[in-house]
Amino acid sequence: MKKIIVEFLCRNQSKGYSSKEISQALSLKEEDINYAMLKLGLSDFLFDLTAGLISNRTNAKAKRARVRIEDVSVGGVTYYRCFKLDSDPGE
């Protein structure tokens, strides 16, 4: 499910989307979106925390394009947006 959400956000980078908007666009439950985004945030945090401790082995897929999902809260609503960190110059 995380992959579907990330692909949606990266295809629509022009603005941020709330979990309600994402759930409506993808026909998923809002609670499932919130849970997936929480897991994604925790995995990104742990990756950043351990990046210097673990050898940097990347496969071709991970090397091709890296993205970060940014979140911001406005008026109690959290909006998510895809931000590309880097990409393969061949794309």
Side-chain angles (χ1 to χ4, degrees):
M1 182 177 312
K2 289 186 291 186
K3 184 176 179 178
I4 294 169
I5 296 168
V6 170
E7 286 179 5
F8 168 78
L9 291 171
C10 290
R11 280 193 311 253
N12 301 290
Q13 291 182 6
S14 60
K15 71 173 209 156
Y17 292 88
S18 69
S19 57
K20 183 175 183 176
E21 293 169 323
I22 296 169
S23 70
Q24 290 172 347
L26 299 177
S27 300
L28 298 170
K29 292 181 188 174
E30 189 174 350
E31 296 82 24
D32 293 340
I33 303 293
N34 289 329
Y35 182 69
M37 297 310 290
L38 176 66
K39 284 177 49 178
L40 183 63
L42 286 174
S43 65
D44 283 347
F45 172 74
L46 291 174
F47 177 78
D48 290 343
L49 185 66
T50 61
L53 302 175
I54 299 173
S55 65
N56 192 10
R57 295 183 188 177
T58 58
N59 60 23
K61 192 175 194 180
K63 204 174 206 179
R64 191 173 75 231
R66 292 184 354 174
V67 297
R68 164 113 29 227
I69 302 300
E70 296 179 331
D71 58 83
V72 63
S73 293
V74 178
V77 178
T78 303
Y79 294 91
Y80 303 97
R81 185 176 74 96
C82 179
F83 176 73
K84 288 195 177 189
L85 298 174
D86 58 19
S87 61
D88 187 5
E91 287 187 26

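Residues take their numbers from the sequence shown, with the count starting at 1.
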message: Quick check: is Ile4 connected to Val6 through a chain of hydrophobic side chains (ILVMFWY, heavy atoms under 4.5 Å apart)?
response: yes
field: Partner residues of Glu7 under the salt bridge (charged side-chain N to carboxylate O under 4.0 Å, His left out) criterion, sequence neighbours left out
entry: none
query: Can you tell me how far CD of Gln13 sits from CD of Glu70, rounded to the nearest 0.5 angstrom?
result: 10.0 Å
Inter-residue atom distance Ile22.CD1 - Ile33.CD1, 0.5 Å rounding: 6.0 Å
message: With heavy-atom distances below 4.5 Å as the criterion, would you say the side chains of Leu9 and Val67 are in contact?
response: no
statement: Value for CG (Leu42) from CG (Leu46), rounded to nearest 0.5 Å, stands at 6.5 Å
message: Going by the rule ring pair (Phe, Tyr, Trp, His ring centres under 6.0 Å), which residues pair with Tyr17 if we only count those two or more places apart in sequence or in a different chain?
response: Phe8
Pairwise distance CG(Asp32) to CG(Leu26) - rounded to 0.5 angstrom: 11.5 Å
- line: The reported gap from CE in Met37 to CG in Asp44 (rounded to nearest 0.5 angstrom) is 9.0 Å
message: What verdict does the side-chain hydrogen bond (donor to acceptor under 3.5 Å, both in side chains) test give for Thr78 and Asp71, after you've listed the backbone C-alpha separation in whole Å, the side-chain angles of each residue and the deciding distance to 0.1 Å?
response: CA-CA 6 Å; Thr78 303; Asp71 58 83; 6.0 Å; no
query: Passes side chain to side chain contact (heavy atoms under 4.5 Å, CB included), Ile69 versus Leu40? Steps please.
result: CA-CA 8 Å; Ile69 302 300; Leu40 183 63; 3.7 Å; yes
Rounded distance (nearest 0.5 Å) linking atom CG of Asn34 with atom OH of Tyr80: 5.5 Å
- line: Heavy atoms of Arg81 and Gly16 approach each other most closely as CB-CA, 4.1 Å
query: How would you list, by chain and number, every residue that makes a side chain to side chain contact (heavy atoms under 4.5 Å, CB included) with Ser18, sequence neighbours excluded?
result: Lys20, Glu21, Val77, Tyr79
